[in-house]
Amino acid sequence: MAHWLFKSEPREFGLDHLLALPGRVARWDGVRNYEARNLLRDHIQVGDTAFLYHSSCQQPGIVGLLEIVRAGYPDPTAVDPDSPYWDARSSRDQPRWYAVDVRLTARLNPALALSRLRADPALRDFRLLRRGNRLSVLPVSPSEWAHLVTQSRIIPF
DNA sequence: GCCAACGTTGGC
DNA sequence: GCCAACGTTGGC
């Protein structure tokens, strides 16, 4: 079982949106970066777990835990002309972008603030903290995951 | 295949 | 709003 971190902007889609959905399940779509696409398509499996991270907001940080409930499949928004994520170069025959389905399994209370992550020597190599990091789906190593969990107050649903 | 220009991300 | 960093685009 592998671990990941999924970024979102809470004003667009975040913890509160997931909480409002039946079973707290959502399609994670709209990813338009090839490296992240490859993770969604080829590596992220049912049963894997992920941190939910809020970016571009008042207090960036890890706010919840996700479980993958459906592995990579073609992102329907890519072939929907009415979607803001529509991509004319994608087609049903030759999908370019992929989505997975996730379930919110817990919230972190308090959240793990970015400022605290940055101050943690155990996270020196954490990809999230690399300068200029812009990847919206990224791998979390087993040791990073284990460490972060010990730093968290996890409130399961 | 190179690389400059451009658009986007994301913390502050 | 600023701006550093990076991915993508497109001319050549």
Side-chain angles (χ1 to χ4, degrees), chain A residues 2-21 24 26-44 48-66 68 71-102 104 106-141 143-145 147-154:
Chain A
H3 308 293
W4 314 94
L5 181 141
F6 284 31
K7 265 190 223 174
S8 75
E9 300 189 13
R11 274 164 302 201
E12 300 259 331
F13 185 87
L15 186 76
D16 292 341
H17 300 83
L18 275 158
L19 282 170
L21 292 170
R24 301 178 306 277
R27 186 175 69 216
W28 202 271
D29 58 23
V31 174
R32 298 293 180 266
N33 166 282
Y34 288 104
E35 190 176 354
R37 186 278 311 271
N38 292 345
L39 295 177
L40 292 169
R41 185 188 60 189
D42 304 330
H43 298 288
I44 299 179
D48 286 358
T49 54
F51 291 118
L52 174 63
Y53 176 87
H54 281 173
S55 68
S56 296
C57 57
Q58 226 171 22
Q59 181 146 108
I62 296 172
V63 298
L65 299 185
L66 306 173
I68 308 304
Y73 59 99
D75 182 348
T77 67
V79 292
D80 175 4
D82 295 328
S83 167
Y85 301 118
W86 180 58
D87 182 349
R89 301 164 302 177
S90 196
S91 70
R92 285 180 198 288
D93 288 346
Q94 293 203 308
R96 180 178 295 245
W97 305 113
Y98 281 72
V100 299
D101 290 352
V102 300
L104 180 70
R107 78 154 70 220
L108 267 53
N109 190 4
L112 273 181
L114 175 60
S115 54
R116 215 179 125 195
L117 303 180
R118 287 204 188 282
D120 189 337
L123 298 175
R124 193 168 307 150
D125 299 325
F126 193 21
R127 176 118 191 221
L128 177 74
L129 306 180
R130 270 194 219 159
R131 224 158 51 105
N133 163 66
R134 291 168 47 179
L135 203 59
S136 67
V137 173
L138 54 97
V140 177
S141 77
S143 62
E144 288 163 348
W145 181 272
H147 178 74
L148 285 162
V149 164
T150 69
Q151 303 300 301
S152 305
R153 185 160 159 264
I154 295 170

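Here is the naming used below: chain letters follow the sequence lines, and residue numbers restart at 1 for every chain.
For DNA chain C, the residues of residues 33-43 of chain A within the heavy-atom distance limit of 4.0 Å (strictly under) are A:Asn33, A:Tyr34, sorted by number. Of the residues in residues 54-65 of chain A, those placing a heavy atom less than 4.0 Å from an atom of DNA chain B are A:Ser55, A:Ser56, A:Pro60, in numerical order.
Note: CG (A:Leu114) to P (B:dT9) measures 18 Å, nearest angstrom. The CZ atom of A:Arg11 sits 12 Å away from the C1' atom of B:dG11 (whole-angstrom rounding). Between the CG atom of A:Leu138 and the P atom of C:dG7 there is a distance of 13 Å, given to the nearest Å. Between the CG atom of A:Leu129 and the C1' atom of B:dG11 there is a distance of 12 Å, rounded to whole Å. The distance between atom CZ of A:Arg130 and atom P of B:dG10, rounded to the nearest whole Å, is 15 Å. Atom CZ in A:Arg32 sits about 16 Å away from atom C1' in B:dT9, given to the nearest Å. Atom CG in A:Asp87 sits roughly 14 Å away from atom P in B:dT8 (whole-Å rounding).
Counting heavy atoms from C-beta outward, A:Pro74 and A:Trp97 have side chains that stay 4.5 Å or more apart. Side-chain atoms of A:Ile68 and A:Val102, non-hydrogen and from C-beta on, do get closer than 4.5 Å to each other. With a 4.5 Å cut-off on side-chain heavy atoms, A:Tyr85 and A:Val31 do not count as touching. For the pair A:Asp75 and A:Arg37, the minimum side-chain heavy-atom distance is 4.5 Å or more. No side-chain heavy atom of A:Val137 sits under 4.5 Å from any side-chain heavy atom of A:Val100.
For the atom pair CG of A:Leu135 and NZ of A:Lys7, the computed distance is 7.0 Å after rounding to the nearest 0.5 Å.
The side chain to side chain contact (heavy atoms under 4.5 Å, CB included) check on A:Asn109 picks up A:Arg107, A:Arg153, A:Ile155, with sequence neighbours excluded. Every residue two or more places apart in sequence or in another chain that forms a side chain to side chain donor-acceptor pair (under 3.5 Å) with A:Ser141 is listed here: A:Ser143, A:Glu144.
In this structure, the helix from B:dG1-C:dC12 to B:dC12-C:dG1 shows an angle of 10° between the axis at its start and the axis at its end, each fitted on 5 base pairs and rounded to 10°.
If you check the side chains of A:Arg32 and A:Ser90, you find no donor sitting under 3.5 Å from an acceptor. Counting only N and O atoms by type, the side chains of A:Ser91 and A:Asp93 include no donor and acceptor under 3.5 Å apart. A donor-acceptor contact under 3.5 angstrom links the side chains of A:Tyr73 and A:Asp101, judged on distance only.
Taking side-chain N and O atoms only, A:Tyr53 has no distance below 4.0 Å to OP1 or OP2 of B:dT9.
Judged purely by atom type and a 3.5 angstrom limit, A:Arg11 uses its side chain to pair as donor or acceptor with the backbone of A:Ser56. A donor-acceptor pair under 3.5 Å is formed between the side chain of A:Ser8 and the backbone N or O of A:Phe13.
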N/O-N/O pairs, protein side and nucleotides 2-5 of chain C side, under 3.5 Å:
from  : atom 1 : to       : atom 2 : distance (Å)
C:dA5 : OP1    : A:Arg131 : NH1    : 2.3

